[in-house]
Amino acid sequence: MSATSYQRIYAAVRRIPRGRVSTYGTIARVAGLAGQARQVGYALSALPAGSKVPWHRVINAHGRLSLERSASGAGITQRLRLVGEGVVVDSAGRVSLDKFGWRTRESQRRAR
DNA sequence: CCACTGACGAGTG
DNA sequence: GCACTCGCCAGTG
């Protein structure tokens with residue numbers, strides 16, 4: 001069966017190590033969908049409750065929890081899970097990508 | 001098919 | 001750092 005974009009995205013998210021975070025754009029790139037960060041967010045929003053995908057490790061390029069501004073309780077869940085893994089989340093819902101960003105060859109950000 | 005939306009990103013001013 | 005624009009693509013009505 002053809003691997004759907006969603007499956008590739010989920011597989012990429014599962015590769016994020018515990019205690020680390022990655023961004024939508026990075027996941028898109030690792031999943032072979034460079035430039036389609038939006039699709040990553042869309043795929044994660046479609047995740048069924050109780051899935052094994054560590055979606056809470058995915059934040060936006062600004063190092064901020066995207067759900068944190070949402071009225072939903074999902075933002076709280078994401079924050080708690082990250083803190084539970086040792087990731088520092090400040091009161092504004094921001095994470096230091098410099099310290100907790102996932103780094104691998106495939107997730108390299110463009111060296112500027 | 002068209003318009004609009006959305007867990008986004010990068011560029012510009 | 002903020003506001004605005006454009007690009008990307010699937011889902012919905």
Side-chain angles (χ1 to χ4, degrees):
Chain A
M1 357 207 238
S2 49
T4 66
S5 300
Y6 283 21
Q7 292 177 318
R8 285 198 239 171
I9 291 168
Y10 299 153
V13 174
R14 277 189 206 163
R15 289 169 56 186
I16 305 174
R18 193 170 171 287
R20 297 257 151 175
V21 297
S22 192
T23 67
Y24 295 94
T26 297
I27 293 303
R29 195 176 324 195
V30 173
L33 300 169
Q36 301 179 209
R38 224 168 191 172
Q39 194 52 37
V40 174
Y42 206 89
L44 295 186
S45 71
L47 272 173
S51 71
K52 305 146 200 175
V53 180
W55 57 269
H56 57 282
R57 294 179 190 145
V58 184
I59 62 180
N60 65 31
H62 299 291
R64 188 151 84 39
L65 309 190
S66 297
L67 296 178
E68 183 259 335
R69 71 189 267 203
S70 175
S72 162
I76 306 300
T77 300
Q78 179 169 31
R79 186 189 183 113
L80 291 178
R81 289 177 115 175
L82 287 176
V83 172
E85 293 183 355
V87 176
V88 177
V89 182
D90 73 15
S91 55
R94 279 192 307 215
V95 176
S96 170
L97 288 174
D98 207 39
K99 295 181 180 178
F100 302 104
W102 179 41
R103 314 254 177 128
T104 72
R105 275 188 304 220
E106 255 127 357
S107 63
Q108 298 260 340
R109 308 177 198 297
R110 55 205 175 103
R112 293 210 247 156

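All figures in this text were calculated on a predicted structure; none of them were measured in a lab.
- One atom, CD1 of A:I27, and another, C1' of B:dC8, lie 13 Å apart when rounded to the nearest Å.
- For the pair A:Y10/A:S51, no side-chain contact is recorded, criterion being any heavy-atom separation below 4.5 Å from C-beta on.
- Residue A:L33 contributes atom CG, which lies 14 Å from atom C1' of B:dG9 at whole-angstrom precision.
- The side chain to side chain contact (heavy atoms under 4.5 Å, CB included) with A:I59 is formed by just one residue from the set A:V89, A:L67, A:L65; it is A:L65.
- Rounded to a whole Å, the CG atom of A:N60 is 15 Å from the C1' atom of C:dC2.
- The phosphate of B:dG6 has neither OP1 nor OP2 within less than 4.0 Å of any side-chain N or O from A:S45.
- Sequence order on DNA chain C of the closest nucleotides to A:G35 and A:Y42 puts A:G35 first from the 5' end.
- Summarising the geometry, the separation between CD on A:Q39 and C1' on B:dG9 is reported as 14 Å, rounded to the nearest angstrom.
- Nucleotide C:dC8 holds its P atom 17 Å from the CD1 atom of A:I9, rounded to whole Å.
- The distance from atom CZ of A:R94 to atom C1' of C:dG1 is 10 Å, rounded to the nearest whole Å.
- The shortest distance between side-chain heavy atoms of A:V88 and A:K99 does not fall below 4.5 Å.
- Atom CZ of A:R29 and atom C1' of B:dA10 are 12 Å apart (whole Å).
- Between A:Q36 atom CD and C:dC9 atom P there is a gap of 5 Å when expressed in whole angstrom units.
- With B:dG9, C:dC8, B:dA7 as the choices, the nucleotide that has an atom nearest any side-chain atom of A:R38 turns out to be C:dC8.
- Straight-line distance between the C1' atoms of B:dA7 and C:dG13: roughly 22 Å, to the nearest whole Å.
- In A:R94, the CZ atom is not crowded: 12 or fewer heavy atoms of neighbouring residues, nucleotides or ligands sit closer than 6.0 Å.
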